Amino acid sequence: FGALVLPNSLFAYSSDFKTDKKVRVGFIGVGLRGQEHVKLLAKRNDVEIVAFADPEKRMLAASQKILKDNNKPAAQEFSNGEYDYRNLLKLKSIDAVVIATPWEWHLTQGVEAMRAKKIVGMEVSGAIKLQDCWEFVKVYEETKVPIFMMENVCYRRDIMAILNMVRKGMFGELVHGRGGYQHDLRGVLFNDGVNPYNSGAEFGEKGFSEAKWRTEHYVKRNGELYPTHGLGPVAMMMDINRGNRLTRLSSFSSKSAGLHKYIVEHPKGGENHPSAKVKFNQGDIVTTQIACANGETILLTHDTSLQRPYDLGFRVQGTEGLWQDFGWGDFNQGHIYFEKTMNHTHRWDNTEKWMKEHDHPMWKKFESTAAGAGHGGMDFFVMNTFIECIKRNIEFPMDVYDLALWYSITPLSEESIAKGGQVVDIPDFTNGKWKTRKPVFGMTDEF
Ligand code: A2G
């Protein structure tokens, strides 16, 4: 794990940014997710938080309070409706923006930010249309403004330890991977319009936070709505876009039963509640099989509307090793098997001692700094990578091609489901560059 040295000119785009300056950041979207990023950046002395754009006053007030609590000056506010972020993008005093808005805004805001020459950190999502993915790539290739795909699960500690083991060859040749978004979101998709979680049966205009916009996707769509948490980590292990690529997929959807039942049984819902009249198109369980150019397969599961404990369900399987995750990333929440070192016992071993032994150097280095950050600490690494790559003017480890490819699974899965599970081709957004691109994610102990 020596430092990976990349040529400075890797970003053909050159910002005004000089390393002795602070990185000047603007936020587009300071809802409950954006505020997590504000908290992380407000603690840093190499960052200046310049401005917030969000139409919701309540969210702006909460974000300003974070700055105040960290003895940082107030940020300039852009809250005059949904399009006021365009005025934020005009600020000369901003080098980079973090975009944490409802999914339907990512394309417009992302490409406008690139055109305004602001380096972009983009939250996770799935695309609304396949064309959107091409648009991200096109605008990036025109402007060369870097865009970072902020997939936090790639930084989960157990996952980085497995990546480490994969790269040491302990799994032999990789053959199959699984992951997904298996998280009971019923109490997120509906609320009372004031309290974000588990508080009611309202959504849309009457909902608050994610219930305001996310639920609408479950009404209208049916697909792998949220592919990146499950796919990102597996894609890194399989060198997708860097020596390998995704070629085809086929998706199936179960019926939709969970959300209606939740509304009917909720104390503030019931059979006569308006939400109980809504027909949800999104199936409770959507499975997507993906084929890779180098012969591996990947299975993604979207499972967010039934009762269940949180578990992204990772599995990594090679000719010499097998890992299965059963929790939220704690070292002991998984099973592992290496036939050769385990004397052909045909019995799982608990993951804990393996994870400790192969803990990723980056986690070892930043363990105490990451402690307390969101999602078991992994959120620290997302913001750290964003800022450190900007300061060094080097390539982001998850870039526009990863964003376009991972986002594309959503519209492609919708297409496949609509055609009865038909196999659809996955485009090569790199236009052949996947053959020569080299892995960058997690190669050093720095970011
Ligand atoms: O639930 C979790 O925090 C998800 N993240 C996040 O993506 C979002 O869906 C949220 C819902 O409020 C992870 O699972 C890592």
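Here the structure is a predicted model, which is why all the values come from computation and not from measurement. Atoms within a ligand are numbered from 1 in the order they appear, just like the ligands themselves.
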For ligand 1, which atoms have a heavy atom of [X] less than 4.0 angstrom away?
X    : result
V153 : 15 (C)
R214 : 8 (C), 9 (O), 11 (C)
E210 : 11 (C), 12 (O)
Y226 : 6 (C), 7 (O), 8 (C), 9 (O)
M378 : 15 (C)
H183 : 1 (O), 2 (C)

Among Y181, Y155, Y310, which one puts a heavy atom closest to atom 1 (O) of ligand 1?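 When every heavy atom of Y181, Y155, Y310 is considered, Y181 comes closest to atom 1 (O) of ligand 1.
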
Shortest protein heavy-atom distance from atom 3 (O) of ligand 1, along with the residue and atom involved: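 Nearest protein contact, heavy atoms only, for atom 3 (O) of ligand 1 is H375 NE2, 2.6 Å.
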
Is the ring pair [X]/[Y] parallel, tilted or perpendicular, if the boundaries are 30 and 60 degrees?
X    : Y    : value
W348 : H335 : tilted
Y401 : Y140 : perpendicular
F280 : F190 : perpendicular
Y181 : H302 : tilted

Hey, does R33 sit under 4.0 Å from ligand 1 if you only count heavy atoms?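 Not so, R33 does not reach ligand 1.
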
Decide whether H229 and E151 meet the rule of one side-chain donor and one side-chain acceptor closer than 3.5 Å. yes

Carefully, step by step, assess D95 and R24 under the rule salt bridge (charged side-chain N to carboxylate O under 4.0 Å, His left out). CA-CA 5 Å; D95 306 303; R24 299 166 307 172; 2.9 Å; yes

Option from T101, V124, D379 for which side chain to side chain contact (heavy atoms under 4.5 Å, CB included) with R33 holds: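 Among T101, V124, D379, the one that satisfies the side chain to side chain contact (heavy atoms under 4.5 Å, CB included) with R33 is D379.
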
